[in-house]
Amino acid sequence: MSPKLDEFVEGSTSIPKKITQENNTKTNILFHELNRVSNKERVGNKVQVESYQLKSYTDYFILSTVYDAKFNGAGIKLYDTANQRVLYINDPYGHVPYCLSREPIEKLEQYKFPKGTIKRFESINKKDLLASSEVNLTKIYTPTPSEVPKVRDVLGDTWESKIKYHQNWLYDTQLVPGRKYWWDEENYKFIEAKSSTSGMNIPDTALNYLKQYEGLIDVFIDDFTQEIPDMPVVACDIETEYEEGQIPQPSDPKFRIICICLVDNRGKEYALVLNRDEIDRGEKTEIIPSELIIERFTAEEDLIKRAFELLVKYTVVTSFNGDNFDFPYLHERARHLKIRETNPIIWNKRSGDCNFKSALHLDLYRFYHNIAIKTYAFGNKYREENLNAIAEALLGIGKLKISTGISELPEWELINYCLRDAKITLDLLLFDEKTPLNLIFILSRVSRTPIDDLVRTSVSTWVKSLFYFEHRRRGLLIPNPEDLLIKGTQASSEAIIKGKKYKGARVIDPVPGVHFNVAVLDFASLYPSIIGTFNLSYETILCNHEKCKENHVPQTKYWVCQENRGIMSDIIGFIKDVRVRWIKPESKRKSSNQIFNRILERSLKVLINASYGVLGSDRFPLYCLPVADSTTAYGRDAIEKTIQKAQILGIKVLYGDTDSVFLENPSKQEIEEIINWSTAELEVSLEMEKIYRYVVLSERKKNYFGVYPDSSVDVKGLMGKKRNTPMFLQDGFADVLKILSEVHSEEDFDIAKNKVKELVKNIYQKLENGKYTGEDLAITMQLTQPLHAYKVNAQHVKAAKQLENSLQKQYKKTHDGNSSNKSFIKAGQLIKYIKTQTDKHVIPLELYTEDTKIDIKSYRSMIDSIFDQLFGALDIDTTEVATGQINLMDFFG
DNA sequence: GCGGACTGCTTACCT
DNA sequence: ACAGGTAAGCAGTCCGCG
């Protein structure tokens with residue numbers, strides 16, 4: 001029973017007869033012979049076809065799936081560990097696309113479907129959680145995935161018809177991307193491979209908790225314990241020529257590619273450069289490493305071909321913005337130069353994605369741009385999402401500064417520049433023992449999202465995928481978004497912010513002043529814990545059981561089911577408990593797996609923290625308002641009860657936000673008592689988060705700073721920290737904090753205050769005397785919309801408009817009076833401007849000159865407000881001055 | 001015509 | 001295209017002033 005390998009070579013469009021044998025009705029998976037397993041690599045004009053056969057007892061990692069239109073079925077990318085190659089195979093299971101209808105076959109047969117829409121009908125049973133009963137459904141098979149929308153058009157009501165085919169394939173086969181499989185030659189299917197590194201046993205303490213999650217641990221265990229393969233990775237960066245004011249674009253690839261750098265994780269570095277007579281070689285600098293292989297080309301075609309030849313050797317190709325620039329440009333430039341046949345890049349113009357058949361493409365711009373990754377995985381360490389900012393924040397090195405435009409750069413400098421970009425790109429995927437790559441793998445496994453989709457999509461897609469996969473595993477009908485609306489579209493609470501759907505967290509009024517010895521307790525993963533503990537899920541909220549109505553959600557009119565475990569609470573609770581009961585303690589223990597465990601912990605945190613948010617988003621396909629509304633209601637209840645408890649114990653609560661309480665000088669016993677009480681009474685675990693030597697609170701919420709016992713400072717929300725504060729003030733603020741961090745007692749404050757006085761006086765003087773540069777004074781603000789979309793002519797918008805005008809004028813000058821039809825200033829861009837005494841009150845930094853009249857008054861009031869925030873609070877305990885209302889000028893004289 | 005009270009827009013932060 | 005809550009600055013508007 002040996003598979004015929006060449007049955008499906010390129011160009012063949014017929015489907016083998018065996019595929020029609022739709023047997024195995026038990027699992028609804030269709031088997032046929034493995035039709036084609038080949039990995040093509042073309043070198044030069046020769047086409048090499050490497051026939052390949054899946055072997056038994058070989059480790060294959062499933063990387064991703066796609067819909068392969070040529071084959072009309074799923075295409076699967078496997079990583080073959082034995083040969084360190086990516087294999088692209090077509091669906092060996094013979095899965096057929098479908099959607100579901102509630103109508104019986106007889107009824108469906110009366111409908112008129114466009115010709116060729118229906119393959120066949122099949123009657124099946126599934127469990128409908130909303131009806132809490134079995135339902136009879138008809139599975140409507142279609143020839144290709146593109147007929148599914150046509151079925152929907154005719155029937156109106158269909159289920160599971162909006163799931164992407166390549167993802168649906170994974171849910172049906174229950175194969176998990178990122179995980180390791182063996183090929184079972186006898187049965188023509190993948191089987192789970194034994195993990196060589198599953199040495200990580202679950203400690204009994206954790207296991208006791210995880211037992212309650214019926215069988216989930218068996219299903220997910222390999223996600224957490226399996227090793228991640230060591231694959232050949234290459235980072236790629238290209239440089240092109242360009243003209244002033246014209247950014248090279250794939251849609252018009254008129255500029256030459258002058259340099260391509262490739263850096264891999266096996267120590268190889270390539271610089272492919274175009275010989276240009278007009279360009280100086282320049283001086284070879286020391287920065288260029290000796291192991292760098294430099295290849296020079298006279299013809300751009302040869303340079304590109306060589307890049308292709310190198311790229312196809314790798315399993316993972318990584319880039320920074322390769323989806324939107326490097327690879328589409330390379331693709332189109334190759335087409336422009338008529339070298340189509342060796343082009344390994346697959347550019348999906350509609351989605352904007354670039355892929356390789358023989359490799360995974362991971363565009364790090366898209367990954368780091370992901371807000372959940374940015375906040376939960378990297379703790380907001382980088383504030384801007386460009387290569388330089390991210391690399392500087394995470395690696396400590398940024399892009400190279402260059403002396404002139406790319407086009408005019410001496411060759412050595414060009415190589416250095418391009419090489420640096422490729423190097424930091426590689427590092428951004430592999431730093432800290434491959435933290436980002438491992439993060440991608442684990443998230444992909446747990447969320448059941450193909451790896452290349454994972455990098456390009458946001459948490460809502462990941463959580464959706466996880467929920468869908470689990471519905472399918474349990475034989476449950478996946479509800480349509482409309483089905484969930486029966487639970488109510490009107491919130492039970494009223495939001496404090498206008499335009500929001502429901503009420504959120506509770507923020508406690510701070511007690512202004514300086515407080516020594518403050519303990520901060522917080523609830524561990526408050527919202528996920530609530531969802532898990534209180535059984536919140538779309539089918540359990542407002543359930544049909546009369547008895548459950550007693551189990552009401554505090555501060556709302558909702559109740560929650562006590563009979564059945566909710567699917568959402570089960571999954572979210574499970575992952576939360578894996579994290580807090582098992583992985584988190586493990587990641588603090590010294591072991592050979594410690595770094596891996598830390599990454600694992602962070603991956604779970606990303607999923608967990610985002611899971612509540614998606615439930616409250618009306619764009620999420622399993623959006624359920626009462627669930628989100630209840631989650632925050634339980635949250636408010638928890639923090640309010642904790643404050644009451646503290647007060648009963650006689651401990652002063654100084655502040656609290658959402659899931660935290662700041663306690664004034666509590667004893668160890670008191671802390672312990674509150675923590676024990678909360679575990680028992682609230683069923684949500686409260687933890688000791690941190691202790692401040694002292695904390696300075698103002699009358700403002702979400703604004704404070706605390707000093708730890710080791711003198712490090714924790715600043716929250718203060719203006720001095722915000723990025724739209726001019727640099728001279730951010731610096732001044734940092735200096736003041738440094739002085740304050742050295743304060744140990746109330747007496748120290750007097751000394752510190754004198755130092756601070758001097759410092760602030762100095763800032764005033766420097767401002768008056770014009771000692772600050774434009775950079776120092778510039779206010780940086782993000783333009784979140786395109787210029788024309790603004791309703792209000794805000795200052796940063798005014799500045800951006802001035803800059804746009806000036807750039808247009810400049811363009812006109814260099815292009816014979818033709819004005820550019822595109823705008824130079826785009827949404828998302830940061831605008832730097834300076835406050836002036838000109839008619840518009842602002843000027844963009846780019847147009848600032850020595851002669852520009854600064855609006856000193858404005859800047860002075862900025863100094864006032866920034867330091868008022870600090871001293872308003874400081875003065876309360878140290879002097880008897882009233883809260884925060886003193887003007888700094890009066891105060892410092 | 002001008003300033004204060006007010007609302008709404010915008011950004012950046014906190015949890 | 002994950003949530004709501006808070007602070008701050010400014011633009012724009014209305015109102016009262018006779």
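In what follows, chains carry the letters A, B, and so on, assigned in the order in which the sequence lines appear, proteins first and then strands, with residues in each chain numbered from 1.
Distance A:K722 NZ to C:dC10 C1': 14 Å, rounded to the nearest Å. Remark: C1' of C:dA3 and OH of A:Y634 are 19 Å apart, rounded to the nearest angstrom. Here the P atom of nucleotide C:dT6 and the NZ atom of A:K500 are 12 Å apart, to the nearest Å.
For A:S458, a side-chain nitrogen or oxygen approaches OP1 or OP2 of C:dC2 to under 4.0 Å. An OP1 or OP2 oxygen of C:dA11 is reached within less than 4.0 angstrom by a side-chain nitrogen or oxygen of A:K798. Between A:K721 and the phosphate of B:dC14, there is a side-chain N or O to OP1/OP2 separation shorter than 4.0 Å. A close approach under 4.0 Å does not occur between any side-chain nitrogen or oxygen of A:R700 and OP1 or OP2 of B:dC13. One finds a side-chain N or O of A:H796 lying less than 4.0 angstrom from the OP1 or OP2 phosphate oxygen of B:dT11. Taking only side-chain nitrogens and oxygens, A:Q782 comes nearer than 4.0 Å to OP1 or OP2 of B:dA12.
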Inset, instruction - Dump the intermediate steps for ring-ring contact (aromatic ring centres under 6.0 Å, His included) on A:Y859 and A:Y772, then the final yes or no. - result: CA-CA 11 Å; A:Y859 280 104; A:Y772 291 118; 8.9 Å; no

Inset, instruction - In sequence, state the C-alpha distance, the side-chain angles, and the governing distance for A:F662 and A:Y704, and then conclude on ring-ring contact (aromatic ring centres under 6.0 Å, His included). - result: CA-CA 12 Å; A:F662 288 49; A:Y704 63 89; 5.2 Å; yes

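Nucleic acid contact for A:T784: sugar-phosphate only, since backbone atoms but no base atoms lie under 4.0 Å from a heavy atom of the residue. Heavy atoms of A:Y527 sit nowhere under 4.0 angstrom from any nucleic acid atom. Residue-level contact check: A:G613 touches the bases, meaning some heavy atom is under 4.0 Å from a base atom. Across all strands shown, A:D522 has no heavy atoms under 4.0 Å from either base or sugar-phosphate atoms. Residue-level contact check: A:Y790 touches the backbone only, with heavy atoms under 4.0 Å from sugar-phosphate atoms and none from bases. Nucleic acid contact class of A:A610 (heavy atoms, under 4.0 Å, all strands): base. A:I496 comes within 4.0 angstrom of the backbone, heavy atoms only, and of no base. A:R506 comes within 4.0 angstrom of no nucleic acid atom, judged by non-hydrogen atoms across all strands. Within the 4.0 angstrom heavy-atom criterion, no nucleotide atom of any strand lies near A:Y655.
In the model, A:E539 has a side-chain atom that pairs as donor or acceptor with a side-chain atom of A:S537 under 3.5 Å.
A 4.5 Å side-chain heavy-atom check between A:L600 and A:D223 finds every atom pair outside the cut-off. Counting heavy atoms from C-beta on, the side chains of A:F705 and A:D714 never come closer than 4.5 Å.
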